[in-house]
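Order of the sequence lines sets the chain letters (A, B, ...), proteins ahead of strands, with each chain counted from 1.
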Amino acid sequence: MESPSESVRLWFASAIAAVVEKKYPGSGIDNAQVLNSISVPKKEFGDLSSSIAIRLSKIAKKSPREIASEISTALERTDLVKEVLEAGGYVNLMLDEQKYSKIVFDAVNTAGKKYGANHDGNGRTVLIEFPAVNPNKPWHIGHLRNALLGDSISRILDFCSYNVEREDYIDDLGLQIAEIVWGSRNLPQEPVNKKFDQWLGEQYVKVNRMMEERNAKAEISEVLKRMEEPGTLEAVAARDMSMKCVRAQYETAAAYGIYHDVMVWESDIVHAKLLDKALKIGIDSGALERPAQGKNAGCLVMNLDKAREFGKAFENPNEHEKVIVRSDGTATYVAKDMAFHMWKLGILDADFRYANLGMQANGVALYSTASKGEEMDFGRADIVVNIIGSAQKYPQLILKAMLSLAGYPKKAASIVHVAYGEVSVDSGSLSGRSGGWMGEEKAYTADVLLEEAQKKALEATEKSKKIDDSSKISSISQEIGKAAIKFEYLRVSPEKPVVFSWSSALNFEGNSGPYCMYSYARAGRILKKGGYSGMAKRQDSDLIYKSATRGQDFELVKLIGGAGEVVKKAAAGYTTSVIADYVIDLTSTFSRFYESMHVLGDESKEYRMELVHIYMTTLSNMLALLGIGTVDEM
RNA sequence: GGGCCCGUAGCUCAGCUUGGAUAGAGCAGCACCCUUCUAAGGUGAUGGUCGCGGGUUCAAAUCCCGUCGGGCCCGCCA
């Protein structure tokens, strides 16, 4: 499935390559180089441009202008070609606006909600993990970055025909949970008078203070140990409390329109004995060793010197071994992660059972690993995507190196770490331990952020007095609030560190979610006023293309024709910012179009309404990839 | 000591994978545009040593080397 822009680009490349082959045989310029030389120039130069003549000039010992003009003259002409001209050494292609418009309009109308999609994934399974927040506090604005990235990347991959499994990892056996189990026995009982994750997060801050006062380290490590034994009071309490917390966190997720397919619990990984199987593979393959002497004697370690081929990170003069299993026989985090990834990639068959936790608002059931329940076929993924903070790059590298050394280099290569910069606030850290997420005036939680955004949207919607129905105002405002937040998060590339500010997170103008939604609503209104009723079914419907010009309407047509290439780029780089960027380009081009050309004015009406229609389809498809919905009016 | 990331307009960012024509948006500020399809909008002007210094190249924000500033990682923590 090629997008219109891609087809034209490929055609242009092959046409140029044919001329080059004929005029300059043996030049060494191949098709890939020609394709690479093609770009979209400023509109005064045309619609597509190739710089190949500049490259050829040295080989051919002629000026770029001479070569470009030679290529322009000899280039094959088709119906689609209006003109091919040389300018400044470039070969510039100008498309026939009527013919190309028809191609784009047909492509959008044929594909509809699938316009921009492709089959690149070919049904391969992607297991994507996000946000893996510890189950002892509400999602804060940093966790939200993870969740929104994961959600949007999932949508993009799904659009590219991957079979996407959205997985969340729940660490119910971590130190933080042990601390809160300990706290529940030592703190005075307080009633749960608010959302459970919020309540638990606040308790956790109190627990931390008390732990320090009482010097409770030894007691807590005892709790942690007992938590790992199935059936103990501690294990049951940990799981129970974690589940309540995750349920509350998932209310937040649902409010943002974020859903998962399966939760994997650390306690179930332990019970399913994944670790033993994984370690056996590690030892048998020689990836894991037992040093007889040195500081790590008695441990099971990975030899970092053997991992040098996997990156400079392992050329560390200070560390030559990574401990995988401690001398007391307990497993480190890395060990568990290795086992888990062996499961994700289908290297280990786990005896996971799954409980159906019920239908979510998106119509998909949520499953959770459990001690008993159904058998399901989660895992066995072709590609594993982990949305994890940049701080964990090194552990992720170790994981991949270890899988390679254990004999699975291809599987290791199919693990993708989408690393994102941490979100911070002026006042400091968002840590759960210190309670930094609680803020001073307003808590930095995903819940509060959404509330604030929706409050602001409600004020703006009421103020504009465009809508009468109050329930409609409320539902529209909710969408707008969500959109504002999502767009602000997803428009920046993930590695960029972010210092959170309320004013920029709640941006409603310019490059923003609400601006895009406004553009959509505005377009819809034009069609409504114009009495648009679908592409003209008349025999002579092709006549509408006579109205196409090379003005702002064609700028919009070209941009719409390029949606598919944008999606491919986003999927290839696991990045959402290219979509956001494109959407801004699209909406502002649309604004220029309708400001400069009256849609319902004259005999061009049919054509222009159809253009507005395909614009709406494209915009809504692209916004959907960011998890942003559309509204009819605002 | 070693490694990774970030540095582009006053502010927030895109562009860097794969080098190409005068480096793009938004916000703020300036001047305009609501009797004409919704002003959450549009137009115009202003604003840039692409951190800095070298190198490669016909051509560098983009590639290479060095350097400065900021952040992160390198544990028998998770």
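K393(A) and E495(A) are joined by a salt bridge, as a carboxylate oxygen and a charged side-chain nitrogen come within less than 4.0 angstrom of each other. Looking at E555(A) and K43(A), no side-chain N of the basic residue comes within less than 4.0 Å of a carboxylate O on the acidic one, giving no salt bridge. A salt bridge links R9(A) with E565(A): the closest approach of a Lys/Arg side-chain nitrogen to an acidic carboxylate oxygen falls below 4.0 angstrom.
Of the candidate nucleotides rG75(B), rC16(B), rA40(B), rG75(B) has the atom nearest to the side chain of E319(A). Taking every side-chain heavy atom of I480(A) into account, rA40(B) is the closest of rA78(B), rC37(B), rA40(B). Closest contact between the side chain of R592(A) and the listed nucleotides rG42(B), rG15(B), rA40(B) involves rG42(B). Closest contact between the side chain of F508(A) and the listed nucleotides rG26(B), rG3(B), rA40(B) involves rA40(B). Nearest nucleotide to the D581(A) side chain, out of rA14(B), rG41(B), rC37(B): rA14(B). Across rC5(B), rG3(B), rG41(B), the shortest atom-to-atom separation from the side chain of Y594(A) is found for rG41(B). The nucleotide whose nearest atom lies closest to any side-chain atom of E509(A) is, among rA78(B), rA28(B), rC37(B), rA28(B). Distances from the side chain of K393(A) to the nucleotides rG15(B), rG3(B), rC4(B) place rC4(B) closest. With distances taken from any side-chain atom of S49(A) to the nucleotides rU17(B), rA28(B), rA21(B), the minimum falls on rA21(B).
Atom P of rG19(B) sits at a distance of 33 Å from the matching atom of rU46(B), rounded to the whole Å. Look at the C1' atom in both rU8(B) and rC32(B): the space between them is 30 Å, to the nearest Å. rC5(B) and rU62(B) are spaced 16 Å apart, taking the P atom of each and rounding to whole Å. Rounded to whole Å, the separation between the P atoms of rA61(B) and rC50(B) comes to 7 Å. Rounded to whole Å, the P atom of rC11(B) lies 15 Å from the corresponding atom of rC52(B). Rounded to whole Å, the P atom of rA60(B) lies 15 Å from the corresponding atom of rG51(B). Rounded to whole Å, the P atom of rU43(B) lies 16 Å from the corresponding atom of rG24(B). Here the separation of rC65(B) from rU17(B), taken at their P atoms, is 15 Å to the nearest Å.
The base of rG1(B) sits with one of its N or O atoms less than 3.5 Å from a complementary donor or acceptor on the side chain of N316(A). With hydrogens and angles left out, the side chain of S327(A) and the base of rC76(B) share a donor-acceptor pair within 3.5 Å. Judged by distance alone, with hydrogens and angles left aside, S493(A) brings no side-chain donor or acceptor close enough to the base of rA14(B) to form a pair under 3.5 Å.
Between F508(A) and Y515(A), the gap from one ring centroid to the other reaches at least 6.0 Å. Residues F314(A) and F310(A) keep their aromatic ring centres 6.0 Å or farther apart.
An OP1 or OP2 oxygen of rA40(B) is reached within less than 4.0 angstrom by no side-chain nitrogen or oxygen of K463(A). Phosphate contact (OP1/OP2 of rG7(B), side-chain N/O of K496(A), threshold under 4.0 Å): present. For rA40(B), one of the phosphate oxygens OP1 or OP2 lies less than 4.0 angstrom from a side-chain nitrogen or oxygen of K466(A). Contact check, R491(A) against rC13(B): no side-chain N or O comes under 4.0 Å of OP1 or OP2. The side chain of K465(A) places no N or O atom within less than 4.0 Å of a non-bridging phosphate oxygen (OP1 or OP2) of rU38(B). The shortest distance between the side-chain N/O atoms of Y420(A) and the OP1/OP2 oxygens of rC72(B) is not below 4.0 Å. Here S519(A) does not reach the OP1 or OP2 of rG41(B): none of its side-chain N or O atoms lies under 4.0 Å away.
The side-chain heavy atoms of L556(A) and L611(A), taken from C-beta on, include a pair separated by under 4.5 Å.
Comparing Y333(A) and F45(A) against RNA chain B, the residue whose closest nucleotide sits nearer the 5' end is F45(A). In terms of position on RNA chain B, the residue among Q392(A) and N318(A) whose nearest nucleotide sits closer to the 5' end is N318(A).
Of the inter-residue distances, the one linking M517(A) atom CE with I628(A) atom CD1 reads 8.0 Å to the nearest 0.5 angstrom.
Here D337(A) lies out of heavy-atom contact (under 4.0 Å) with every strand. In this structure, M609(A) reaches neither bases nor backbone, as no heavy-atom distance under 4.0 Å exists between it and the strands shown. N296(A) comes within 4.0 angstrom of a nucleotide base, judged by non-hydrogen atoms across all strands. E633(A) comes within 4.0 angstrom of a base, heavy atoms only. Using a 4.0 Å heavy-atom distance criterion, P317(A) is classed as a sugar-phosphate-only contact. Residue contacts shown for A521(A) include a base, since a base heavy atom lies under 4.0 Å away. Residue contacts shown for S591(A) are limited to sugar-phosphate atoms, with no base heavy atom under 4.0 Å away. Using a 4.0 Å heavy-atom distance criterion, A484(A) is classed as making no nucleic acid contact. Note on K529(A): only backbone sugar-phosphate atoms sit closer than 4.0 angstrom, heavy atoms only; bases stay farther off.
The closest side-chain donor-acceptor pair between S434(A) and S431(A) falls under 3.5 angstrom. Under the 3.5 Å distance criterion, with hydrogens and angles disregarded, no donor-acceptor pair is assigned to the side chains of N92(A) and E86(A).
The interatomic distance linking E86(A) (CD) with rA21(B) (P) rounds to 16 Å, in whole Å. The distance from atom OH of Y518(A) to atom P of rC37(B) is 11 Å, rounded to the nearest whole Å. We find that CZ of R326(A) is positioned 9 Å from P of rC76(B), with the value rounded to whole Å. When the P atom of rC73(B) is taken as reference, atom CG of L397(A) falls 15 Å away, rounded to whole Å. For the pair Y489(A) OH and rC13(B) C1', the computed distance is 16 Å after rounding to whole Å. Atom CZ of F314(A) and atom C1' of rC4(B) are 12 Å apart (whole Å). Here the P atom of nucleotide rA40(B) and the CD1 atom of I473(A) are 15 Å apart, to the nearest Å. Atom-to-atom, NZ of K322(A) to P of rG3(B) comes out at 18 Å; the value is rounded to the nearest Å.
With its glycosidic angle within 90° of 0, rC34(B) is assigned syn.
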